[in-house]
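Data first, discussion second: the structure below is written as structure tokens.
Residue numbers begin at 1 in each chain, while the letters A, B, ... track the order of the sequences. Values in this document were obtained by computation on a predicted structure and should not be read as measured data. All heavy atoms count here, side chains included; hydrogens, waters and symmetry mates do not.
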Amino acid sequence: MADAERDEEFTVDVLAERAGMTVRNVRAYSTRGLIDPPRLEGRTGYYSQKHLQRLVLIRTLLGRGFTLAAIEDAILKSPSTASNVALDLISIFEVEDDEDPTELIGRAELASISGLGPDHELLDKMTELGLLEKVDEDTIRMLEPGVVRPGAAAVAIGLSPDSVVDIVPHMREHLEQVSDRFVHHVTRDVVQPFLDAGLPQDEWPVVFEKIDQLIPIASQVVVSMFRSVLRQAIETEIGHKLEELAAEGDQPTS
DNA sequence: TTTCTTACA
DNA sequence: TGTAAGTA
């Protein structure tokens with residue numbers, strides 16, 4: 001490649017620090033053969049960017065729930081490509097939000113959807129929530145049109161702006177938990193078996209495909225389940241209100 | 001002093 | 001995975 005290569009080298013303590021782990025663990029992984037031996041100068045070893053990248057990879061995989069044994073197995077069986085393949089795998093989980101296009105909309109138009117004035121505080125609050133971005137005086141970029149539009153519509157129907165502002169972050173927080181759990185199980189049930197099996201390079205597209213299939217399925221479940229639970233909650237709540245009204249009707253004052 | 005190995009908890 | 005001892 002270019003000539004501006006990162007050819008700097010560093011000792012274990014620096015390596016460990018940059019990799020975000022202890023020297024002890026660097027040596028442990030080294031002993032297991034998870035990283036190549038360093039360039040030796042007398043008794044001290046000098047490590048390069050490749051060593052660092054490998055350690056970061058290991059740390060990331062461990063953080064995702066892979067066992068050290070599985071990582072070891074994968075790396076040892078496919079020394080030259082394991083790193084790249086694993087990185088590809090990681091990117092699948094982390095770069096799945098690129099199909100979330102932003103959308104420009106006139107300030108007046110967005111306001112009309114919600115039935116509010118163009119200067120209503122709701123727009124400011126949505127901006128604070130990271131849902132909107134001011135482009136210029138009367139143009140707004142919706143970072144998440146799929147959230148903003150329905151939110152505005154809900155306000156038009158009668159939900160208060162404050163409620164929307166309260167619900168959105170709440171939903172996001174809990175859905176993130178659901179997602180984390182989902183990812184955990186996918187890595188354990190779908191991905192790890194492939195690592196355990198020895199990482200046949202030809203088979204990795206199969207794993208990617210499985211994950212691609214699981215994402216819409218999981219999304220489907222979330223929508224269906226939420227719809228069901230929401231309906232039930234509303235019926236229960238309204239049922240209580242009706243009972244209260246009925247009780248008051250039978251025995252006024254008490 | 002620091003790096004590394006080995007051994008033990 | 002942390003710590004300690006003995007080296008180079």
Measure the distance from [atom1] on [X] to [atom2] on [N] and round it to the nearest whole Å.
X	N	atom1	atom2	answer
Arg27(A)	dA5(C)	CZ	C1'	15 Å
Glu17(A)	dT2(B)	CD	P	15 Å
Asp13(A)	dC4(B)	CG	C1'	13 Å
Leu62(A)	dT1(C)	CG	C1'	13 Å
Leu68(A)	dT1(C)	CG	C1'	11 Å
Leu40(A)	dA8(C)	CG	P	16 Å

Would you say dT1(C) has OP1 or OP2 under 4.0 Å from some side-chain N or O of Tyr29(A)?
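Answer is yes, contact under 4.0 Å.
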Can you tell me if the side-chain N/O atoms of Thr44(A) get under 4.0 Å from OP1 or OP2 in dC4(B)?
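No, no such contact exists.
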Approximate separation, where rounding is to 0.5 Å, of Asp138(A) CG and Ile105(A) CD1:
12.0 Å
Select base, sugar-phosphate, or nothing to describe what [X] touches, counting heavy atoms under 4.0 Å on all strands.
X	value
Val12(A)	sugar-phosphate
Thr31(A)	nothing
Gly42(A)	nothing

Pairing partner of dT7(C) (Watson-Crick or G-U wobble, both distances under 3.5 Å):
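dT7(C) is unpaired by these criteria.
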Looking at side-chain heavy atoms only, is the closest gap between Val26(A) and Ile35(A) below 4.5 Å?
yes
Relative to the ring of His51(A), is the ring of Tyr47(A) parallel (under 30°), tilted (30 to 60°) or perpendicular (over 60°)?
perpendicular
Comparing Arg24(A) and Tyr46(A) on DNA chain B - which has the more 5′ nearest nucleotide:
Tyr46(A)
For Glu121(A) and Asp162(A), which heavy atoms make the closest approach, and how far apart are they?
OE2-OD1, 4.5 Å
